[in-house]
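Letters go in sequence order (proteins before strands), and every chain restarts at 1.
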Amino acid sequence: MSEPILELRNATIQFGGLVAVDNVSFEIQKGELFGLIGPNGAGKTTCFNMVTGVYKPTGGDIIFKGQRINGIPPFKVAKLGIARTFQNIRLFGALSVLENVVIGGFLRNRTNIFSSLGYMPGAIKETERLRENAMALLEVMDLADEAHGRSSDLPYGKQRRLEIARAMATQPDLLLLDEPAAGMNPQESEDLMNTVRKLRDDFGKTVLLIEHDMKFVMNLCERMVVLDHGEEIARGVPAEIRNHPEVIKAYLGEAC
Amino acid sequence: MKFWAIRVGSILLAVLVSYGIGMVAQGSSGTVSRLIALAGLYVTLAVSLNLINGITGQFSIGHAAFYQVGSYTAAFLASQLLARGTINNLGTPIPWVLAAVGIAIVTSGIAGFLIGLPSLRLRGDYLAIVTLGFGEILRIIIQNTPQLGGSYGINSPKAFVVPYVWMLAFLCIGACRNLLQTAHGLSFLSVREDEVASGAMGVNVTRVKVAAFVLGSAFAGAAGALLTFNEGFINVNSFTMDVSFIILTMVVLGGTGSITGSIIAALALFTLPEFLRDAPPMPLNAVLGTLAGVALLVGTIRLALDQKKLGRDFLTPKTYMGFGIAAVGGVIVSILANFLPALANRTIPSAELRMVIFSAVLVIMMLLRPQGIFGHREFGLGSIFKRAQA
Ligand SMILES: Nc1ncnc2c1ncn2[C@@H]1O[C@H](COP(=O)(O)OP(=O)(O)OP(=O)(O)O)[C@@H](O)[C@H]1O
Ligand SMILES: [Mg+2]
């Protein structure tokens, strides 16, 4: 097997007395659609926060494309090629839909601030280029019609899609989606599934996603890891997970 | 080609307008000339604070401190040159003025950098306290430093700087406007909107905040240096908390983030006290009555606005009743105030009245229109300031 794009090695994080993620290890290969599931409070979002540099693991390592990235600040992680969406949507609400995506692309900006303050041709061209890229991504995410509306005015489902567009604008190799289908109706969910597949098939992205909607994960993801109370309880392909006794036990009492 | 023609044309226009304003100032009395200069300085101060507070979303309330750093830098340099006989008391030659402005930009930029650092960890009120504290510490240090004139102040030969004041204002406006036209400016706005999300999108939040502080305070410092040569004498009283408060009011009133809003609010709030200056002292009971009336009026409007949000009419019998109560309430308060020995027959000098008005305006704004008069929008010559659409 080739070198994995992302590897968690005994990743552990402790908040006071609470071990939110406990010795979790898994590898994701380039081009995979990988699921991270588990009941509420299992530590899924915390895993994302460790990978993206929001939290520094208290133990273990996070390896991205062969490089150890524990404790690297989030903006640098983004530059290395990991982009994410947020479980509780965090758009730049007062800005337009298009501007949100332009900001996503800004990290590959090659001009300096003086060129922008002076409105020099370099900065104008760069902004124009980012805008064109952003518009193309809005087409892909089916948001082009709302490009100039305020992002906070979008309906919920579209806000989630916009978060993905914004993350895609950073030109990541690895895309982390935190509950992308939450709050969507079945039709929107279905469309989203096709879009995520397209991001992998047509754009070559590797996707790691958290999702509570079992139908969504089982249909979309090729492999997955199940966490409960910060620990891994199962891993495998959807068919294995569906009938795994530990998983059924963990989810018992939860709607799934 | 067309791009450069517009570019050179607009710069020329700004320079010409600045000289035009300078000529008007030269032709008018000393007082009016001074006001024209101060108005331009306040535009720079408001627009530069807007970069920090409105565009980048930091809460700095001590902008006068950077104004002061620039002003004292220039005054100190001028006093040194004077002592060495390089310049004389008749006036500072313009090249020296511009050199002093350049150095003031550096010193105030450094001050902005140092104050910007806490903004990396502190948010909201806490940052506000640091910025305010910086101004107070600076004042005390200066008051106890004889080389800087102590509490008396410091003399520096005057120069006619009105055209430069307005060129600085146009430069500051232009720089902020340009920034917002580019992706760079969007990264500043993104920090205001959501720091965590900005970081996750690769925006170096630290760098953006520090850049906003350095730029904003460098502009304020340049304004301070020009103030020095415009006045010929400065002391710590020109940079009290009041001044910071007025600049902040301008930004809030103009709508945080709106450049045009800041400009208009700066001009409006700057001229208002000048009209008040010659006004006779106001009886205290009348002021209190007016405030009470306005408070009731604002309360009524606020309630009526809430009604309207629920789909009902703005003007209902209840609203009219509220207006009536506001009027009667105001009169009653002013009559009652005269019965209290502590309040009866007292007057408020017009200079202090403006602080009352500023505070009232700020509170009213917060209640009725927290987003400022212009909100986040740009206004007027429209397309010049509006962020570009694709
Ligand atoms: N900054 C923090 N400080 C203290 N505890 C935290 C912190 N962040 C997360 N936790 C705790 O870690 C545990 C895991 O939280 P996490 O958000 O990762 O769960 P999750 O699997 O994403 O759940 P959900 O499905 O509800 O989103 C929870 O008990 C949470 O309270
Ligand atoms: Mg979560």
Top contributor to chain B contacts, counting heavy-atom pairs under 4.5 Å, from [options]:
options                                : answer
A:Ala83, A:Gly93, A:Ala169             : A:Gly93
A:Ser115, A:Gly118, A:Gly104           : A:Gly118
A:Ala147, A:Ala134, A:Gly53, A:Pro121  : A:Pro121
A:Asn112, A:Leu91, A:Val77             : A:Asn112
A:Leu117, A:Leu130, A:Asn100, A:Ile124 : A:Leu117
A:Asn109, A:Ile82, A:Ile113            : A:Ile113

Practice item. Under 4.5 Å heavy-atom distance to chain B, tell me which part of A:Thr170 shows up: side chain, backbone, both or neither. Key: side chain
I'd like to know if [X] pairs up with [Y] as an ion pair, taking the criterion as any Lys NZ or Arg NE/NH1/NH2 lying under 4.0 Å from an Asp or Glu carboxylate oxygen.
X        : Y        : answer
A:Glu128 : A:Lys125 : no
A:Glu163 : A:Arg160 : no
A:Asp173 : A:Lys65  : yes
A:Glu7   : A:Arg9   : yes
A:Glu132 : A:Arg129 : no

Check your understanding: Contact part of B:Val196 toward chain A, heavy-atom cut-off under 4.5 Å: side chain, backbone, both or neither?
Key ->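 For B:Val196, the contact with chain A is made by backbone and side chain together.
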Review point. Between B:Thr206 and chain A, which part of the residue has a heavy atom less than 4.5 Å away: side chain, backbone, both or neither?
Key: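 Neither; nothing under 4.5 Å.
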Exercise for review: Evaluate whether atom OH of A:Tyr156 has more than 12 neighbouring non-hydrogen atoms of other residues, nucleotides or ligands under 6.0 angstrom away.
Suggested key: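 Yes - once you tally the heavy atoms of other residues, nucleotides and ligands closer than 6.0 Å, there are more than 12.
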Review point. Under 30°, 30 to 60°, or over 60°: which ring-plane class applies to B:Phe170 and B:Trp166, parallel, tilted or perpendicular?
Key: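 Taking B:Trp166 first and then B:Phe170, their aromatic rings sit tilted (interplane angle of 30° to 60°).
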Review point. Aromatic ring centroids of A:Phe15 and A:Tyr55 under 6.0 Å?
Key: yes
**Study point:** Winner by heavy-atom pair count (cut-off under 4.5 Å) against chain A, out of B:Ser190, B:Gly185, B:Ser198, B:Ala200
**Key:** B:Ser190
Exercise for review: Heavy-atom pairs under 4.5 Å with chain A are the metric here; pick the option from B:Asn204, B:Leu215, B:Val203 that has the most.
Suggested key: B:Asn204
